Amino acid sequence: MKKTGSGSQTTQRSKRPRTTSPFDKIPRGHARLTPCEGDPVEITPAIVKQHGFTPQEYQNILRIMGRTPSYTELGIFSVMWSEHCSYKNSRPVLKLYPTKGKNVLQGPGENAGVMDIGEGRAICFKVESHNHPSAIEPYQGAATGVGGILRDVFTMGARPVACLDSLRFGKLSHNKVRHLFTGVVSGIAGYGNCIGVPTVGGEVQFDDCYKDNCLVNVMAVGFLKHEELALGRASGVGNRVIYIGSTTGRDGIHGATFASEELSSEAEERKSAVQVADPFMEKLLLEATLELIRGKHLIGIQDMGAAGLTCSTSEMAARGGVGIEVELDKVPQRETGMLPYEIMLSESQERMLLVAKRGHEPAVHKILKKWGLHSADIGFVTNDHLVRIRHHGNVVAEMPVGALADTKFPGYPTYHRPAKRPKYLDKVQTIPAKALKADIEQDAALLKLLASPNLCSKRYVWEQYDHMVRTNTVQLPGAGAAVLRIKHTKKAVAVSLDCNGRFVYLDPPSGGKIAVAEAARNVAVTGAKPLGMTNCLNFGNPMDPEIFWQFKSAVKGMAEACKTLGLPVTGGNVSFYNESPEGAVDPTPVVGVVGLLQDEKKLVTPWFKRAGDVVLVLGNTLAEMGGSSWLYELKGVKAGKPPVINLKREAALQTTLVQAADQQLMSSAQDCSEGGLGVALAEATFLAKTHGGNLMGAELNVTSKLTTTELLFSESQSRVIVSVNPKHLPVFKALCRKHGVPCHEVGRVGGSTLAVFQNGRPVLELPVGKLYAAWKGGLKHYVHG
Amino acid sequence: MKFGIVVFPGSNCDHDCYYAVKDVLQQPAEFIWHGESRPKSVDAYILPGGFSYGDYLRTGAVARFSPAMDAVRAHAAQGKPVIGICNGFQILLEAGLLPGAMLRNQNLHFICKYVNLRTDSLKTPFTQKITAGKVLRVPIAHGEGNYHCDAATLKRLQRENRIVFRYCTPGGQLTPEANPNGSVAGIAGICSERGNVLGMMPHPERAMEPCMGSVDGRELFSSLLSGALARRG
C-alpha cells in the first residue's frame with residue numbers, strides 16, 4: 001500500500017481541541033499546493049462568480065478545504081455542485097418518489113436502474129436529457145445524448161437493446177426549428193444506427209414554447225443476467241484505477257455547468273461545451289466493457305459523462321467509501337499542453353473509468369488492446385477519503401471525496417427553494433367560450449386532427465432509425481409502446497416514453513399524475529405488467545418560485561401516481577433552466593415505463609383484426625375538453641383544466657388489461673389519449689396497415705348525453721378501446737366487473753368505414769382509407785413544405 | 001452446414017446472423033474475429049451488416065484489408081458460398097469480389113423498413129429453393145444502398161443472370177416507387193460469376209421468425225442448406 005500524506009494530517013488534527021463543527025472532522029490533505037503554470041495566480045471574486053457559486057457556497061468551500069482552493073479544485077467543485085451533478089435544488093422534492101419494490105435490484109444512485117424480471121434475468125434502463133447541447137448543435141448534441149445514456153446502461157453490465165426518444169420542438173414553420181428538428185433526428189440516427197442499438201419508440205411533439213429550447217430526452221434499455229450486474233464503486237486500497245476508451249481533449253469543458261443555466265443569445269458561443277460523437281469508438285467500448293464485466297475482471301466501473309474524470313473518480317470513491325489518487329500525465333490526451341483544470345473538466349466522449357481486481361490488470365489491458373482502444377493505469381484506490389490529482393508529480397487538487405459526491409457531507413449544497421402557485425394558472429384554466437364553439441364538422445375535425453403534426457404518423461422520423469437491429473423488436477414503432485422479446489426465454493418487455501406537457505402546464509399536480517398513468521397505460525395495453533419508472537424532468541429556472549411550484553407539484557402528482565400504480569422509480573434526470581429569452585418551456589416531466597410480458601405470444605396489438613369482433617370502450621367519457629388536442633390543434637387554444645384522473649380506477653383498468661391479455665381474451669387494445677375517442681378509434685382501424693396488415697372498419701353506436709364534440713374528442717382518462725371475439729365476451733365482461741372497470745359495448749368491427757352513431761343518430765362516417773391517408777401524410781410535408 | 005460469421009470492428013448484425021443460423025436453423029456457427037487470417041473449417045462465410053470501422057472513410061473500404069478477408073477470398077475462389085449482407089455487401093464490393101459501388105440513398109436519409117423483393121435468378125445456391133415468382137418480404141436498414149455500376153457491367157450482370165434480387169411492389173412489379181434507394185435497375189442483390197458469392201442490402205436474418213413479422217428470409221438459408229445436403233447425399 002502506498003503511504004499518503006493524509007495519515008499524518010489525521011494525527012495532527014486529533015491534537016486540536018474538539019469542537020462541535022462538522023467541518024472539523026473533514027479529511028484534509030496538503031496545507032498548500034504547488035500552483036500550476038497557466039492557472040490564474042489568485043482566486044478572485046470574479047473567478048468565483050464565473051464558476052457559478054453563491055457567496056455562501058464559496059464560504060463552504062473554504063471551510064471544507066481549510067484553505068483557498070486551487071483553480072483546478074474550484075473547477076471541480078463548480079461541476080460537481082452544478083444542478084446537473086448535485087441535484088441541489090431538486091433532491092428534497094425527488095424524495096417524494098417511491099424507490100423500493102420487490103423487483104428493484106438497483107434503485108437511484110447508480111448509473112441506471114435495474115429490475116428483476118425472473119429466471120435470473122434483469123432489465124436496466126434510464127432516461128436523460130440533452131436539451132441544451134441539442135439547441136446549440138443539434139446533430140452532435142443529440143448524438144452524444146444517445147451515446148451518454150447507452151454508456152449509463154452498459155456500464156451496469158447490461159447489453160443495450162433499445163433506445164427511445166422523447167423530442168419536442170417549436171412549430172415546423174420556423175426555419176430554425178426545421179434545422180433543429182432535422183439535425184436532432186439525424187444525430188440520433190447517426191449514433192444509434194452505427195452502434196447497432198435499435199431506436200424503437202418515443203414521441204415527437206411540437207409547441208412554440210419549445211422553439212428555442214428544444215427537448216431531447218433519450219431513454220436506453222438493456223438486458224442482463226443478475227450475476228452480470230456491475231456497479232460504479234471503487235474498493236480495495238492499492239487497486240489500480242484504469243482509464244479506457246477515447247482520448248481526452250478540450251471538448252465539452254463545463255458541459256454540466258452549461259446544462260445548468262438558461263439559454264441566452266450568447267449560447268451560440270458555448271458550442272465548445274458541446275462534445276463530438278464517435279459512435280464507432282463507443283461500439284468498441286461497449287463490446288470491450290461487456291467482455292471485461294462478463295470476464296469478472298472488475299471491481300467497479302463508471303462512465304465518464306457529465307463532468308468527465310472529475311465525476312467518475314469522486315462518485316466511485318464516494319460509493320465505495322474510499323479515496324482515489326490519479327496522475328494526470330498518464331491520461332491519454334488528444335492535445336498537448338492541457339492544464340489539469342482542462343483534463344479534469346473535459347467531457348470528451350466514449351471514455352470509462354474502472355477499478356480492476358488485483359492481478360487482473362494484464363487481462364484488462366489485453367481485452368482493450370484486442371478492441372484497439374486506449375487503456376492506461378492512471379492511479380489507485382486509497383483509504384484517506386480524498387480525491388488526489390497529481391500532474392507532473394505535483395499535487396494539483398486534493399479534496400474530500402464526500403464534499404463532491406456525498407449529499408450528507410457538511411457544506412454540500414441542498415436547497416429548499418421557495419414555491420409559489422403561478423399567476424397564469426387562474427387565467428388559462430378557463431376555456432374562452434368562443435373556443436368551445438363546435439363550428440367544425442366532426443368528419444373534418446377528425447381528419448384535421450389525424451393530419452396535425454402532433455398526431456400524424458411519425459414514420460418520417462422512425463424510418464431513419466434502425467429499429468430492428470438485434471432482432472428483438474416484436475412491436476415496431478408507431479403503435480404505442482415498443483415491445484422487445486428476450487431471446488432464449490418466452491418473455492418480452494414493453495417500454496413507453498411519454499408526456500402530455502400541455503396538461504402539466506395547465507395543472508401541474510394533475511398533469512404529473514396523468515403523465516405517469518398514460519405511460520403505464522401504454523405498457524399495460526400490450527398485456528405487459530408495468531414494473532418500474534424512470535423520468536426526465538424538464539422545467540425552467542428553479543430560482544423562479546413559480547417554476548419551482550410547477551416542479552414540486554408535478555413531482556408530487558407523479559409520486560402519488562407511482563405509489564398507487566405500484567411503480568418504483570429507479571432513477572432519471574432533472575433538467576432545469578429550459579428557458580430562452582422568450583420564457584420557460586411548458587413543464588414537461590417525461591415518463592419512461594417498462595413492463596413485463598410473461599409470454600411474448602400473448603402480446604396485444606392496438607389494431608382491429610377480425611370482422612365481427614365486439615368493440616368495447618373501457619372507462620367513462622366525460623365533458624373534459626380542457627387541454628385537449630381538439631382545442632389546441634383546431635382552435636389554437638391551450639386552456640382549460642385537464643381531465644380528472646382517479647388513480648385507483650387507473651390501477652384497476654391496468655390490472656384488468658394485464659389479466660385479460662394473459663387469458664387471451666382481447667383481439668386488440670388501444671389506449672385512448674390525445675385526440676380522444678375519435679382519434680383512438682381511427683387509429684384502431686388503420687394501424688394494421690403499418691405492420692403488414694389490412695384496414696378494418698367498425699360501426700358503433702354510443703349512448704351518451706354529451707355533446708358530439710365531447711363524445712368524440714374529450715380526453716377523459718383511464719379509457720381503452722378493446723375488440724373482443726364474441727365467444728370471449730362473457731368472460732371479459734366478468735373480468736371488468738370483478739375489477740370495477742366500466743365497460744361499454746359499442747359496436748362491431750367490420751366493413752371499410754368508421755361509422756359512429758350517438759344515441760342512434762349518425763355523427764361520423766368516413767372511409768378508413770381516407771382516415772389512413774390523412775394520418776399517413778405525416779411530417780414529411782411539414783418539413784419539406 | 002457450418003457458418004462462419006466474420007466480426008469486424010463495428011459489425012452490429014453479427015449476433016443477429018449467429019442467432020438466425022444457430023438458434024433458428026439449428027446449424028453450427030462460429031464468430032471469426034477480423035484479425036484472424038488462418039482459414040477456418042466452415043462451409044459458408046457470412047459478412048454481417050453494421051458499420052465496420054465506423055464507415056468513416058467509405059462503407060467497407062477499411063474492412064476489406066482485414067486479415068480474415070484473405071480466408072474469405074480463398075473460400076470464394078474454391079466456389080464455396082459467401083454471403084455479404086448490407087455492410088457485408090459493401091465490403092464485398094470494396095474487396096472486388098463483386099462489381100459496382102454504393103452511393104448514398106437517393107433521399108439522403110438512412111432508411112429502415114420492410115421492402116418486397118423479386119428473385120430474378122433462381123440458379124444460385126442461395127435461391128434454388130425459392131418458388132419462382134414469389135415476392136419476399138424482408139427489411140432493409142441502410143444509408144448507402146443505392147447500388148451503382150456502369151452500363152457495360154449492368155449489361156453483363158443481366159446477361160449472366162447475376163441480378164439475384166430486385167425491389168418490387170407486393171405484387172412483384174418493378175416500379176420507381178418500389179425502389180427505396182435509387183439503385184440502378186432496382187438492384188437489391190447480385191452474385192459472382194460462379195454464383196457462390198452473394199451480396200444483398202436487405203437483411204434476411206431479420207425475417208426468420210413469425211414474431212419478427214416475416215419468415216421469408218428463411219427461404220434463402222433453406223436453399224443453401226438443401227444444396228449442402230444434396231452435395232453430401
Side-chain angles (χ1 to χ4, degrees), chain A residues 159 161 182 185-186 188-200 277-284 286-288 369-373 459-477 483-485 487-488 490 492 600-601 603 690-693 780 783-784, chain B residues 7-20 22-24 31 33-35 48-57 59 62 86-87 105 107-114 116 137-144 170 180 202-214 216-217:
Chain A
R159 174 169 288 279
V161 293
T182 52
V185 171
S186 317
I188 291 169
Y191 208 100
N193 298 350
C194 179
I195 198 169
V197 175
T199 303
V200 296
D278 184 350
F280 171 58
M281 180 67 82
E282 180 137 315
K283 168 67 176 168
L284 304 179
L286 156 65
E287 297 301 335
K369 197 175 168 204
K370 174 186 155 192
W371 289 100
L373 293 171
R459 179 180 282 270
Y460 174 82
V461 174
W462 55 257
E463 218 169 67
Q464 295 183 49
Y465 304 149
D466 189 340
H467 48 266
M468 301 177 192
V469 62
R470 301 209 68 77
T471 57
N472 297 321
T473 321
V474 295
Q475 176 148 299
L476 302 181
V483 183
L484 303 148
R485 57 108 172 244
K487 284 176 184 153
H488 309 293
K490 283 165 73 183
E600 168 259 307
K601 291 199 169 56
L603 166 67
T690 65
H691 290 70
K780 203 172 168 182
V783 180
H784 299 296
Chain B
V7 182
F8 298 97
S11 292
N12 63 31
C13 301
D14 45 346
H15 291 146
D16 301 355
C17 289
Y18 184 90
Y19 184 83
K22 185 78 190 279
D23 295 277
V24 182
F31 288 119
W33 183 241
H34 75 111
F51 285 68
S52 57
Y53 296 92
D55 279 351
Y56 284 158
L57 177 60
T59 53
V62 183
C86 199
N87 193 227
N105 293 346
N107 72 356
L108 303 181
H109 289 310
F110 189 97
I111 304 169
C112 176
K113 67 172 183 183
Y114 266 99
N116 299 294
R137 208 171 152 261
V138 179
I140 54 165
H142 58 246
E144 294 186 25
H203 289 269
E205 83 281 10
R206 295 187 184 185
M208 302 289 288
E209 299 159 276
C211 70
M212 291 287 104
S214 169
D216 292 352

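The model shown is predicted, which means the values in this text are computed figures rather than measured ones. Each chain gets a letter, A, B and so on, in the order its sequence line appears, and its residues count up from 1.
Of the residues considered (A:Val197, A:Asp278, A:Thr473), A:Asp278 shows the highest number of contacts with chain B, using heavy-atom pairs under 4.5 Å. Put simply, of A:His467, A:Glu287, A:Arg485, A:Lys283, the one with the most heavy-atom pairs under 4.5 Å next to chain B is A:Arg485. Counting heavy-atom pairs closer than 4.5 Å to chain A, the top residue among B:Asp14, B:Asn105, B:Asp23 is B:Asp23. Per-residue counts of heavy-atom pairs under 4.5 Å with chain B were compared for A:Gln475, A:Arg459, A:His488; the largest is that of A:His488.
Residues A:Arg159 and B:His15 meet the side-chain proximity criterion, which asks for heavy atoms closer than 4.5 Å. You'll find the side chain of B:Met212 reaches within 4.5 Å of the side chain of A:Val474, heavy atoms only. Between A:Arg470 and B:Asn12, every side-chain heavy-atom pair lies at or beyond the 4.5 Å cut-off. B:Cys112 is not listed as a side-chain neighbour of A:Trp462, based on a closest heavy-atom distance of 4.5 Å or more.
Note that the OG1 atom of A:Thr182 and the NE2 atom of B:His109 stand 8.0 Å from one another [nearest 0.5 Å]. With rounding to the nearest 0.5 angstrom, the CD atom of B:Glu209 is 8.5 Å from the CD atom of A:Glu600. Put simply, CE on A:Met468 and NE2 on B:His203 are 9.5 Å apart, with the number rounded to the nearest 0.5 Å. Put simply, OH on B:Tyr114 and OG1 on A:Thr690 are 12.5 Å apart, with the number rounded to the nearest 0.5 Å. A:Asp466 CG to B:Phe110 CZ: the interatomic distance, rounded to the nearest 0.5 Å, is 4.5 Å. B:Asn107 CG to A:Lys780 NZ: the interatomic distance, rounded to the nearest 0.5 Å, is 7.0 Å.
Contacts of A:Lys370 with chain B are made by both backbone and side-chain atoms, with heavy-atom separations under 4.5 Å. In this structure, no portion of B:Ser214 lies under 4.5 Å from any heavy atom of chain A. No part of A:Leu603 comes within reach of chain B, as not one of its non-hydrogen atoms sits under 4.5 angstrom from that chain. In this structure, chain B has heavy atoms under 4.5 Å from both the backbone and the side chain of A:Thr471.
Listed here is the closest heavy atom pair of B:Gly10 and A:Leu284: N-CD2, 4.3 Å. Nearest heavy-atom pair across B:Asp16 and A:Val469 is OD2-C, 3.8 Å. Shortest non-hydrogen contact noted between A:Phe280 and B:Phe51 is CD1-O, 4.1 Å. Of all heavy-atom pairs between A:Cys194 and B:Gly54, the closest is SG-CA, 4.4 Å.
No side-chain N or O of A:Asn472 forms a donor-acceptor pair with one of B:Tyr19 less than 3.5 Å apart.
Within a 6.0 Å radius of NZ in A:Lys487, more than 12 heavy atoms belonging to other residues, nucleotides or ligands are found.
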